[in-house]
Amino acid sequence: MPLAFPAGLMWFRRDLRAHDNAGLAHALRSCGRVHCVFVFDKAILAGLPRADRRVEFIRESLADLAPALRGGLIVLHGFATEEIPRLARELGVAAVFANHDYEPDAIARDDQVRTRLARDRIEFQTFKDHAIFERRELLSGAGTPYTVFTPYKNAWLAKVDDAALRSHATDTALLAPAPARAVPSLQDLGFEPTNLRDLAIEPGERGGARAFRDFLGRIDEYHVARDIPAVRGTSGLGVHLRFGTVSVRDLAREAHERAGRGSEGAAVWLSELVWRDFFFQILANFPHVTGRSFRREYDGIEWESGARADELFAAWCEGRTGYAIVDAAMAQINATGFMHNRLRMVAASFLVKDLGIDWRRGERWFAEKLNDYDLAANNGNWQWAASTGCDAQPYFRIFNPDSQQRKFDADGAFVRQWLPAGNPRVRIVNHEEARARTLARYEAARKAAA
């Protein structure tokens, strides 16, 4: 069968692996030779702190990826909207390949690249890779996107099959060699080393494979262990999923098979992967969520503002609220870029419903700090905690941080780990009084929107 293009360019973004990469597989099937590129995009890097674990993770993952691509990886530092069309012209390729990205800024970037490539009669093709089901692949009986998780999950489980979970074959022997040039150092990029290695986070496809194997030894207990922050009960795969150093198809296939054999832990973890798809499709179909409430009636909430609000927000960010479980959680994220999933809910609820601070301020703080930051999941989970999003907890359900600590850190092991010197006695807010203010705040917004 004749090839569609004599030469193509595979543009890696958040898919830093050679194995089971949809865009790479399509490029290899379509082209006589394939060049590969990654761009450290200045449009993204400009807004990041100089010591950013994510940049270091990407840089180390590229160093791991280059040999897997037989050295055929070009790494650039510039604006992707300029570098990709320029490189495509220089290499004389007929098509550029990439994988879908669902974030509004990424979609705008890709539209610019597509337009510039078209001027040179170069095709731009993108493919589904980060999700099992995306965009409008799963629709309700009314033909609309799902906005409630349980019906979405039921539809997901009903549709998933071997084809949806099948890996893409990639024969890297067909890749074109790249100029002999090392991956730029962090210093070359204007960044500084972090404590990434001290945290035992191994970047790259090999690191992702090792983390997955490790989790498979614990997956059967996931449904029990995942809520206890003092134990290693979560998968540890968040950052690898974020940057594509693991294949979500590999993960979902293993979880699906184990769940089918009766593993409750695997079934619960599979639900977490379904949540990931759910938030991807929410972002794709309702992009207004990036700046506004999914439920428009809550755009009118009057959040705390002014100097006092700034003081409360700073205390939350720095772990000085006087509530031990919240402060320990904030100490963890500030030191490591990780926060346990249960504690993300507790900390978010406290900021929004105890302190009355706009959820978007917390969302931005997590976006700066989290190693596994993903816009779709971060936004979806913050709006869930704030009761402004799709399928969110009702606004009158407000986590009590003390009861959460008694339930999930009963012996205080987690708190002692992150607050070894103890916790300040003075609490910046009274929970019961704050709860009453929150109920009034939400009820006022609902009445105003009625």
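In this structure Lys42 satisfies the salt bridge (charged side-chain N to carboxylate O under 4.0 Å, His left out) test with no other residue, sequence neighbours excluded. Judged as a side chain to side chain donor-acceptor pair (under 3.5 Å), and not counting sequence neighbours, Gln112 has no contacts. Taking Phe79 as the reference, nothing meets the ring pair (Phe, Tyr, Trp, His ring centres under 6.0 Å) condition, with sequence neighbours excluded. Here Phe408 pairs with nothing under the ring pair (Phe, Tyr, Trp, His ring centres under 6.0 Å) rule; sequence neighbours left out. With sequence neighbours left out, Phe133 forms a ring pair (Phe, Tyr, Trp, His ring centres under 6.0 Å) with Trp156. With sequence neighbours excluded, no residue satisfies salt bridge (charged side-chain N to carboxylate O under 4.0 Å, His left out) with Arg33. Considering only residues two or more places apart in sequence or on other chains, Glu254 meets the salt bridge (charged side-chain N to carboxylate O under 4.0 Å, His left out) condition with Arg258. Remark: Glu297 pairs with Arg295 by the salt bridge (charged side-chain N to carboxylate O under 4.0 Å, His left out) rule, at least two apart or across chains. Asp171 pairs by the side chain to side chain contact (heavy atoms under 4.5 Å, CB included) definition with Ala173, Leu174, not counting sequence neighbours. By the ring pair (Phe, Tyr, Trp, His ring centres under 6.0 Å) test, Phe12 pairs with no residue at all, sequence neighbours left out.
Legend: side chain to side chain donor-acceptor pair (under 3.5 Å) pairs involving residues 343-353, not counting sequence neighbours, sorted by first then second residue: Arg344-Asp372, Lys353-Ser387. Pairs engaging residues 196-209 under the side chain to side chain donor-acceptor pair (under 3.5 Å) rule: Asp64-Arg206, Glu202-Arg210 [sequence neighbours left out].
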